[in-house]
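Report on the following structure.
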Amino acid sequence: MTAQDSYNFKTEVKQLLHILVHSLYKDQDIFLRELISNASDAMTRMHFEMLTNRDVLDPDAELAIRIEAPEVGEDEPKRIIIKDTGIGMTKDELVTNLGTIAQSGAREFLAKMGEDASVDPSDVIGQFGVGFYSVFMIADEVRVVSRSYKKRAKAAAWISDGSEQFRVEAADKADRGTEIHITLKKDAEEFANEWKLKQIVKKHSDFVRYPVYVGDDEEQANRQESLWRKSPTKVEDEEYAQFYQQMTMDFEAPAATIHFASDMPVNVRALLFVPAKREPGILAARKEPGLMLYSHNVLIDEYNTDLLPNWLGFVDGVVDSEDISLNVSRETVQSNRIMRQLSKTVKGRVLRELKKLAKDEPEKYAGFWEEFGRALKEGLATDPMAKDDILPLFRYYSSKSDGELTSLDEYIERMPESQKEIYYVLGDSVKSVANSPHLDPFKARELEVLYWVDALDPFVSPMLTEYKDKKLRNVDDAGLELPEMDEAEEAETEDALPEAEFNQVIGRFVTTLGERVTEVRESKVLKSSPIRLVSPEDEVNRDMQRVQRYLDQNYEVPKKIVEVNRSHALIGNLARLVADHPDDERINLTIEQLYDSALVQEGLHPNPTEMVPRIQQLLELATA
Ligand code: ADP
Ligand code: MG
């Protein structure tokens, strides 16, 4: 081994460094937040290692962060040092961890940004955590000296001035952990001031879970307080906001903050958040889904996924219980009675808060549904037992919801006495289903229909056949029995074609469409539409046909029943043509086009552009 090795930074790191070194970003002080966050991560990893392994370097060292601004001579550059007693890094780890950007998301983001000149670097820095490299906003040179917790590893140093390269060499360091030695840029010398450093710790890192000491001060600079253990009435909104930011490095306010305490049936103090966005930022501090689980204020699991079902996996935060033992391992968590009670309490509370959000702040809830509705739908598909928990959270647009989202419960409340079932129409968009021919009989009877227009809705339909003892029915269901209508209204539709002429038209549909349909018959329900497609009763899993179309898997247009409106003007015209000019090419063209249009309306057409030549042909004939 040579005493000193040089390495080139990976391209994306160079790119990030370039941005950081040259940016005029105002909030330079975030570099400290990033370094403290890394130190805290390193100590959490140490904490977990020591739960099972005491054979480490310095097992009794206090897990704490120390920040110093040492005295320097008049014309020497000013310096600061940040030390931790975390897991440390070996020489190889220094090279990989501080020479690349691990997160593929971050890499892609930077690659994209490289091409896009309109991106403002300070937006990037402000919006995402930028990690270790942010230190180069204020440093002329950085020397990272580290010693791994592994007893046999030697100390090593990583040195860089933030340009193209870094070097790594052997170093003297007897104790475990990492020291970041920063030589400040001339215009960043203000940071070499303990009072200022304390202010920055307070501002950005107040809730870091290990003590942060600045200078010789015995008193810690951060409050390191378990906010979740305080009474909810004693916590200010601002404190929640700061806690959330410092925990997640998500700078968008959460959609919901849930803080509660309970002692029966199980002791629990919890502070939970529903983030505003499903996708975490590229350098988000929380690397996995799951809740932080504490017992007696000691972290025992950093990403616990047992307490909440998968479909609530987007919830982040802290659960602390004095009833679980400190050495509860991941395996016993599932089989443990206290954990089950804890899980029930936490889940119940989250569901309650979501319902409350829906009631008190429907707009905010709509945002939540937009972001996480699909997680809930996946939940229903993968965990049908959770139906009763999940379904009350569902929202849909409907033929009577006036552009607002509505719940199944609200739908039921609006149902007239005579209506026994819940109706839905499947399709690609609110606009297309609003004009669906299937809605004719529902409009005539003023019955509400839910619009199932999300790509996941067809997946969900096999699991969603009943809600509160009411069956859910697809409006294209051939066997649907709708409430009777007033006779007066029924009578209006009486300009139906005579039977013989109508049968002629039906015959032409049959010969033209042939094998593509199972049956052609008169419709009892259509009003303003000439035809519609309905599903044969015996068709299994018909909503899955749509799924296949979305997935583009060997999609074949399903065979449907064609129902024809005997009173529609277009069908009347067609009957006259069939009687007077049975060879007129317009007859077949019209039938084909009616069928294709119906497929499009159903969201079942494999490729609507195929219709264009026929439409042109029809237009030519119409304008001749
Ligand atoms: P992130 O923290 O999001 O992983 P960073 O750029 O902040 O990204 O840090 C890169 C990596 O360097 C960390 O994932 C960690 O492996 C390592 N690292 C940084 N600082 C420390 C430290 N104080 N102790 C141990 N490892 C560290
Ligand atoms: Mg980091």
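Read the numbers this way: they start at 1 and go in the same order the structure lists the ligands and their atoms. The residues of the chain are indexed from 1 along the displayed sequence. As the structure is a prediction and not an experimental result, all values here were calculated from the model.
- In terms of N/O distances under 3.5 Å, ligand 1 is not approached by Tyr133.
- Where the criterion is an N or O separation shorter than 3.5 Å, residue side chain and backbone included, Glu34 fails it with respect to ligand 1.
- Contacts of Thr178 with ligand 1, taken as heavy-atom pairs under 4.0 Å, involve the side chain alone.
- Put simply, Ser37 stays out of reach of the Mg ion (ligand 2), with no N, O or S atom under 2.8 Å from it.
- Arg209 and Tyr294 share a donor-acceptor pair across their side chains, judged by distance under 3.5 Å alone.
- When ring centroids are compared, Phe243 and Tyr240 stay outside the 6.0 Å threshold.
- Between Asp263 and Arg269 a salt bridge is recorded (basic side-chain N to carboxylate O distance below 4.0 Å).
- Annotation: Phe372 is not in aromatic contact with Trp311 [ring centroid separation under 6.0 Å not met].
- At under 3.5 Å, a nitrogen or oxygen of Phe132, whether backbone or side chain, sits near a nitrogen or oxygen of ligand 1.
- Between Arg374 and Glu378 there is no salt bridge, since no side-chain nitrogen of the basic residue lies less than 4.0 Å from a carboxylate oxygen of the acidic one.
- Backbone and side-chain nitrogen or oxygen atoms of Asp41 are examined, and none is located within less than 3.5 angstrom of a nitrogen or oxygen of ligand 1.
- Contact check on Glu169 versus Arg143 returns a salt bridge, with a Lys/Arg side-chain nitrogen under 4.0 Å from an Asp/Glu carboxylate oxygen.
- If you look at Leu35 next to ligand 1, there are no close heavy atoms at all, none under 4.0 Å.
- The contact set between ligand 1 and Leu98, taken as ligand atoms under 4.0 Å from a residue heavy atom, comprises 12 (O).
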